[in-house]
Asks: 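Let me give you the structure first, and then I'll get to my questions.
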Amino acid sequence: QLQLVESGGALVQPGGSLRLSCTTSASGSTLDYYAIGWFRQAPGKEREGVLCITSPGGIINYVDSVKGRFTISRDNAKNTVYLQMNDLKPEDTAVYYCAVPTDPYYCPQYVSGYRSWGQGTQVTVSS
């Protein structure tokens with residue numbers, strides 16, 4: 001019954017910043033006990049894992065190009081997982097998704113390891 005919702009996507013100039021949010025729309029649901037992964041998919045490309053955070057707060061980075069620019073975090077009081085994106089580049093343009101893995105304590109690298117997805121939010125980086 002867990003249903004995820006992403007928000008925060010926008011059109012932004014290169015070098016700009018955005019903060020994406022992932023929460024649940026299901027009544028009575030919480031993300032506190034789940035690992036949450038952020039993925040992205042550009043047109044004509046496969047969906048790829050970007051960052052994942054475990055329930056205790058451990059972080060795994062799957063894309064070298066975002067290291068030092070993107071940060072994942074969670075605020076359990078707000079039932080929200082964030083993706084802070086700084087120094088955005090045109091190649092970051094994609095639909096960004098958050099997802100819950102089949103094993104709630106583990107951060108899989110690939111799409112096949114996740115069971116629930118949001119609808120995605122569009123991030124466009126262009127001048």
Side-chain angles (χ1 to χ4, degrees):
Q1 296 295 325
L2 187 62
Q3 189 170 358
L4 303 179
V5 179
E6 305 94 341
S7 63
L11 172 63
V12 63
Q13 294 185 332
S17 297
L18 287 172
R19 189 179 74 169
L20 307 184
S21 298
C22 174
T23 188
T24 177
S25 61
S27 178
S29 296
T30 178
L31 300 180
D32 293 1
Y33 306 114
Y34 296 92
I36 299 292
W38 279 100
F39 284 71
R40 65 184 182 182
Q41 188 167 19
K45 304 292 185 179
E46 293 186 355
R47 193 171 299 184
E48 65 174 352
V50 180
L51 284 161
C52 185
I53 187 167
T54 64
S55 53
I59 296 170
I60 300 175
N61 192 323
Y62 296 118
V63 181
D64 289 342
S65 63
V66 309
K67 290 181 179 178
R69 299 189 298 120
F70 289 14
T71 303
I72 191 171
S73 63
R74 67 194 308 155
D75 186 339
N76 289 338
K78 296 181 178 180
N79 197 31
T80 302
V81 175
Y82 300 103
L83 182 66
Q84 178 67 47
M85 305 185 294
N86 299 323
D87 191 25
L88 283 161
K89 302 176 180 180
E91 52 263 41
D92 296 318
T93 295
V95 177
Y96 283 73
Y97 301 87
C98 62
V100 172
T102 302
D103 183 343
Y105 300 108
Y106 178 64
C107 274
Q109 181 176 1
Y110 303 109
V111 168
S112 60
Y114 294 80
R115 66 175 177 87
S116 299
W117 298 82
Q119 293 297 308
T121 185
Q122 177 70 51
V123 173
T124 302
V125 185
S126 177
S127 59

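Every heavy atom of this structure was used, including side-chain atoms; hydrogens, water molecules and symmetry mates were not.
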Asks: Only one of Val66, Ile53, Leu20, Ile36 forms a side chain to side chain contact (heavy atoms under 4.5 Å, CB included) with Ile72, so which one is it?
Replies: Ile53

Asks: Please list all pairs passing the salt bridge (Lys or Arg N to Asp or Glu O under 4.0 Å) test where one or both residues lie in residues 55-64, with sequence neighbours left out.
Replies: Asp64-Lys67

Asks: Quick check against the 3.5 Å criterion: does Arg74 have a side-chain atom that pairs as donor or acceptor with the backbone of Ala35?
Replies: no

Asks: Between Gln122 and Leu11, does the side chain to side chain contact (heavy atoms under 4.5 Å, CB included) criterion hold? Intermediate values first, please.
Replies: CA-CA 8 Å; Gln122 177 70 51; Leu11 172 63; over 6 Å; no

Asks: Is there a ring pair (Phe, Tyr, Trp, His ring centres under 6.0 Å) between Trp38 and Phe70? Walk through the geometry before answering.
Replies: CA-CA 11 Å; Trp38 279 100; Phe70 289 14; 10.0 Å; no

Asks: Hey, could you give me each pair passing disulfide (SG to SG under 2.5 Å) that has a residue in residues 64-127? Not counting sequence neighbours.
Replies: Cys22-Cys98, Cys52-Cys107

Asks: Got a donor-acceptor contact below 3.5 angstrom from the Thr23 side chain to the Asn79 backbone?
Replies: yes

Asks: Only counting residues at least two apart or in another chain, list the ones meeting side-chain contact (heavy atoms from CB on, under 4.5 Å) with Leu18.
Replies: Ala10, Val12, Met85, Leu88, Val123

Asks: Do side-chain atoms of Glu6 reach the backbone of Gly120 as a donor and acceptor pair under 3.5 angstrom?
Replies: yes

Asks: Could you go through the side chain to side chain contact (heavy atoms under 4.5 Å, CB included) check for Arg47 and Tyr114 one step at a time?
Replies: CA-CA 12 Å; Arg47 193 171 299 184; Tyr114 294 80; over 6 Å; no

Asks: Please answer whether the main-chain N or O of Gln3 pairs with a side-chain N or O of Thr24 as donor and acceptor at a distance below 3.5 Å.
Replies: yes

Asks: Any chance you could lay out the side chain to side chain contact (heavy atoms under 4.5 Å, CB included) test for Tyr34 and Leu2, step after step, and finish with the verdict?
Replies: CA-CA 11 Å; Tyr34 296 92; Leu2 187 62; 4.1 Å; yes

Asks: Quick check: does any side chain N or O of Gln119 sit under 3.5 Å from a backbone N or O of Val5, one acting as donor and the other as acceptor?
Replies: no

Asks: Please enumerate all residues that pass side-chain contact (heavy atoms from CB on, under 4.5 Å) together with Lys45, with sequence neighbours excluded.
Replies: Ala42

Asks: Between Asp32 and Ser55, is there a donor-acceptor pair closer than 3.5 Å when you use the side chain of the first and the backbone of the second?
Replies: no

Asks: I would like to know whether Asn86 and Ser17 meet side chain to side chain contact (heavy atoms under 4.5 Å, CB included); could you show each step before the answer?
Replies: CA-CA 4 Å; Asn86 299 323; Ser17 297; 3.0 Å; yes

Asks: Can you run down the disulfide (SG to SG under 2.5 Å) pairs that involve residues 63-95, sequence neighbours left out, and say none if there aren't any?
Replies: none

Asks: Holding to ring pair (Phe, Tyr, Trp, His ring centres under 6.0 Å), I want the full list of residues that pass it with Tyr97, two or more places apart in sequence or in another chain.
Replies: none

